[in-house]
Amino acid sequence: MSTSEHDHHDHDHHDHHGDGAHGDGHHHHDPAHFRDRFWLSLVLTLPVVYWSGHIQDLFGYEAMEFAGSGWIPAALGTVVFVYGGRIFLEGAVSELKARLPGMMTLISLAITVAFVFSAVVELGLLDAQALWWELATLVTIMLLGHWIEMRSIDRASGALQELARLLPDKATRIDGDAEESVPVDALEPGDLVLVRPGESVPVDGVVRRGGSAVNESMLTGESKPVRKEEGDEVIAGTLNGEGSLRIEVTGTGDDTRLSGIMRLVSEAQDSKSRAQHLADRAARLLTGVALAAGVLTLVVWQLVGAPIDFSIIRTVTVLVIACPHALGLAVPLVVAISTTLGAQNGLLVRDRRGLEEARDLDVVIFDKTGTLTLGEFRVVSLATGEGWSEEDALRVAAAIEAESEHPIARGIVMSARDRELEIPEVAGFQAITGKGVEGRVDGTEYRIGGPALLEAEGAEPDGALADAIAEAADAGKAAISLVEGGAVVAVFTVADAIRDESRTAVRDLKAAGIEVAMLTGDSRAVAESVAAELGIETVFAEVLPDGKADRVRELQEGGRKVAMVGDGVNDAPALATADIGIAIGAGTDVAVEAGHIVLVRSDPRDIVRIVILSRATYRKMVQNLWWAAGYNIGAIPLAAGVLATWGILLTPAVGAVLMSASTVIVAVNAQFLKRTRLNPEPEGR
């Protein structure tokens with residue numbers, strides 16, 4: 001661990017041994033603490049092992065002798081017990097105070113029994129062999145296991161520190177013509193800051209001057225830089241590209257989107273899921289089993305006439321090997337990694353239960369506007385008369401509509417921009433009250449409007465143009481005509497455009513065996529036409545805001561698991577009612593607060609990614625729980641000495657090695673979760 005990391009962790013170690021509520025009181029320690037104690041204990045343990053009579057007999061050597069050398073194992077063994085074992089003893093006190101005995105209680109019991117037994121032997125009160133070397137190696141190996149575990153958990157939560165590092169410390173504030181470098185904390189909403197090419201954006205804000213492509217991948221997972229022009233919002237922590245931007249501050253410090261994301265990730269890593277409760281229960285159960293097995297081992301070996309030191313060594317080994325250590329790590333580590341993996345891909349888990357239940361989803365309900373669609377008008381189809389190309393018609397229409405503020409007019413202009421068309425100048429623009437607008441482009445007079453304009457002009461389109469108007473009316477879309485000299489030359493069908501990603505999202509969800517439904521306040525005709533285009537069978541149209549939650553309940557009948565995806569204030573009750581509420585992050589804060597999971601991007605394909613992450617997370621948890629519990633089931637009888645007749649006996653130190661090995665395996669297995677690909681495979685993985 002680097003020095004900087006050490007500094008970062010260097011806080012008071014002695015007052016946070018956890019509340020024991022995890023059945024695992026050490027989760028709140030930091031790795032540096034265990035690391036330091038491990039290295040010192042290791043240095044002290046080596047001489048204990050070297051001067052141990054048992055080890056000398058085993059390896060057939062004689063240790064150096066000098067005055068007092070016989071006391072080395074006892075003296076250093078006691079130091080290791082007091083110094084290295086203190087963490088476990090304090091953890092056990094916390095667990096017992098909370099009446100939730102767990103891992104720390106077991107480890108403390110094992111090392112205390114070994115210490116008291118060895119002290120009694122050393123004082124000549126019992127004729128047996130002391131367990132100093134077993135005690136010292138046990139404490140040292142336990143410290144190593146804990147250090148590895150804490151590092152794993154720390155690294156998994158490290159994504160939060162990574163996010164924090166995205167924010168620069170200084171910003172360039174502009175005051176009139178003067179520029180000054182100020183700490184980011186000193187900025188206030190309304191201040192103007194300059195972000196040069198290649199710099200990180202220090203605050204949330206709105207671009208007031210300049211244009212640039214900004215890399216938002218660290219927040220959204222989207223690799224393509226996003227173009228920012230005047231009036232566009234930028235997010236703190238994103239990376240500016242080639243251009244320079246002047247940004248008006250809207251949020252700093254804790255009010256930025258980035259801080260909100262960090263808060264969500266941190267809450268999610270702390271929020272307990274059902275699997276976590278299961279692991280806690282299993283750890284407590286295993287503690288009970290271990291204590292019972294320990295007592296039984298002692299009693300049985302004494303009844304069959306074994307020497308007391310043999311019986312106690314068996315008991316200590318059982319207590320050591322039964323530590324449900326791997327079990328305590330099995331779930332929290334997977335939780336930390338999956339939450340982080342989600343955050344890196346723009347999926348923010350606010351409540352862990354949401355992610356946990358996503359693997360069993362039966363139905364996903366999408367709110368239409370702003371979720372499946374852009375929430376903005378676009379030209380969705382275009383018919384032209386003879387001698388007109390689509391580009392020419394759109395260019396002329398956009399030139400005239402550019403002067404108008406009407407949402408449909410803006411939709412026509414945006415459609416021309418999406419196609420990167422050159423929009424010509426317009427002359428003599430004016431509105432024709434209640435009917436449309438007119439203007440001259442390249443010297444020719446044009447008029448644009450809906451049915452009222454055609455009626456006033458007495459224009460009767462035929463063929464493809466007439467069909468386009470009829471189809472738009474049937475689907476509840478707006479048909480806007482371009483008229484030249486009393487004749488219709490083009491018809492634009494304008495509607496709330498479907499997102500390109502929506503088609504893929506619906507297809508992938510169906511491939512994963514999940515039904516897709518759509519919910520909207522729009523008219524039945526509009527809803528049906530969007531649903532038909534996306535292949536959605538279940539449609540709830542003309543639903544008032546307060547009726548949305550009822551529709552969710554309707555689908556939940558019969559025990560089906562339902563996810564609701566929405567972005568608006570009126571979606572909040574439905575998001576809260578659903579088994580899993582998924583809020584589109586570009587939506588309102590209210591929706592974000594109501595959701596279990598928040599999508600940073602407004603990309604419906606992310607729903608499929610949630611399901612993939614949920615299934616992968618669950619698989620890892622189950623693997624880890626089986627490994628951790630299964631290992632104990634097999635190892636306890638072995639430790640108790642059921643194979644003693646065949647000369648197979650485990651010493652407490654070997655028990656500690658095996659126990660630590662199972663912890664390491666669980667930790668490594670959890671790390672493999674990072675390799676999960678969240679994009680669905682074509683073969684419907």
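- Using a 4.5 Å heavy-atom threshold, the side chains of I365 and V552 count as touching.
- Using a 4.5 Å cut-off on side-chain heavy atoms (C-beta onward), V379 and L394 make contact.
- A 4.5 Å side-chain heavy-atom check between F366 and L509 finds at least one atom pair inside the cut-off.
- Between the D204 side chain and the T250 main chain, no donor and acceptor come within less than 3.5 Å of each other.
- Using modelled atom types, one finds a donor on one side chain and an acceptor on the other under 3.5 Å when comparing N240 with S212.
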Would you be so kind as to tabulate the donor-acceptor pairs closer than 3.5 Å made by side chains of residues 187-194, with sequence neighbours excluded?
residue : atom : partner : partner atom : Å
D191    : OD2  : R173    : NH1          : 3.4
D191    : OD2  : E188    : N            : 2.9

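- Electrostatic pairing of K548 and D367 counts as a salt bridge here, judged by a charged N lying under 4.0 Å from a carboxylate O.
- The pair R560-E515 counts as a salt bridge, with a side-chain nitrogen and a carboxylate oxygen less than 4.0 angstrom apart.
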- Message: If you apply the rule side-chain contact (heavy atoms from CB on, under 4.5 Å), what do you find for T617 with K620, and how did you get there?
- Response: CA-CA 5 Å; T617 302; K620 271 284 166 271; 5.9 Å; no
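- When atom types are taken as modelled, the side chain of K674 and the backbone of S338 share no donor-acceptor pair closer than 3.5 angstrom.
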- salt bridge (charged side-chain N to carboxylate O under 4.0 Å, His left out) evaluation trace for E533 with R503: CA-CA 8 Å; E533 205 167 324; R503 294 177 178 81; 2.7 Å; yes
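- Residues L613 and L341 meet the side-chain proximity criterion, which asks for heavy atoms closer than 4.5 Å.
- No more than 12 heavy atoms of other residues, nucleotides or ligands shown are found within 6.0 angstrom of CD on E233.
- Here the OG atom belonging to S381 is positioned 6.5 Å from the NZ atom belonging to K477, to the nearest 0.5 angstrom.
- In this structure a side-chain-to-backbone donor-acceptor pair under 3.5 Å is missing from D508 to A505.
- For the pair T577 and L575, the minimum side-chain heavy-atom distance is 4.5 Å or more.
- Heavy atoms of other residues, nucleotides or ligands lying less than 6.0 angstrom from CD of E422 number 12 at most.
- Considering only heavy atoms from C-beta on, I400 comes within 4.5 Å of F429 through its side chain.
- Between T676 and I612, some side-chain heavy-atom pair lies under the 4.5 Å cut-off.
- Between the CZ atom in R605 and the CZ atom in R507 there is a gap of 10.0 Å [rounded to 0.5 Å].
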- Query: Given the rule in the side-chain contact (heavy atoms from CB on, under 4.5 Å) test, do L361 and I580 qualify, once you have shown the distances and angles that lead to the verdict?
  - Reply: CA-CA 9 Å; L361 272 182; I580 305 163; 3.7 Å; yes
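- In this structure, S529 OG and I498 CD1 are separated by 7.0 Å, a value rounded to the nearest 0.5 Å.
- Nearest heavy atoms, A527 versus T520: CB-CG2, 3.6 Å.
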- Item | Worked verdict on I174 versus E180 for side-chain contact (heavy atoms from CB on, under 4.5 Å) | CA-CA 7 Å; I174 304 171; E180 61 168 331; over 6 Å; no
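- Counting heavy-atom neighbours within 6.0 Å of R208 CZ, excluding the residue itself, gives a total above 12.
- Taking CD of E401 as the start and OG of S415 as the end, the distance is 11.0 Å to the nearest 0.5 Å.
- The existence of a salt bridge linking R378 and D418 is confirmed by a sub-4.0 Å separation between a basic side-chain nitrogen and an acidic carboxylate oxygen.
- Nearest heavy atom pair, residue L555 against residue A517, reads CD1-CB, 4.3 Å.
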- Take I514 and V611 through the side-chain contact (heavy atoms from CB on, under 4.5 Å) test and state the conclusion after the steps. CA-CA 10 Å; I514 297 168; V611 175; 3.9 Å; yes
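- Ion pair E357/R359 not flagged as a salt bridge, since none of the NZ, NE, NH1 or NH2 atoms sits closer than 4.0 Å to an Asp/Glu carboxylate oxygen.
- Annotation: R417, atom CZ; neighbour count of heavy atoms from other residues, nucleotides and ligands within 6.0 Å does not exceed 12.
- Contact record, S404 with A409: OG-CB, 3.5 Å, taken as the closest heavy-atom pair.
- Heavy-atom neighbours of F540 CZ from other residues, nucleotides or ligands within 6.0 Å: above the threshold of 12.
- Once rounded to the nearest 0.5 Å, the distance linking CG of L599 with CG of N345 reads 11.5 Å.
- The closest side-chain heavy-atom distance from V201 to I247 is below 4.5 Å.
- To the nearest 0.5 Å, atom CD of residue E229 and atom CZ of residue R209 are 14.0 Å apart.
- When all heavy atoms of I448 and A397 are compared, the closest pair comes out as CD1-CA, 3.5 Å.
- Shown here for L239 and G198, the closest heavy-atom pair between the two residues is CD1-O, 3.6 Å.
- Nearest approach of D496 to T373, heavy atoms of both residues: OD2-OG1, 2.7 Å.
- The side-chain contact (heavy atoms from CB on, under 4.5 Å) check on R499 picks up L374, E501, S502, S602, P604, with sequence neighbours excluded.
- Taking a cutoff of 4.0 Å between a charged side-chain nitrogen and a carboxylate oxygen, E179 and R196 qualify as a salt bridge.
- With V207 as the fixed residue, the side-chain contact (heavy atoms from CB on, under 4.5 Å) test singles out one of V195, V234, V214: V234.
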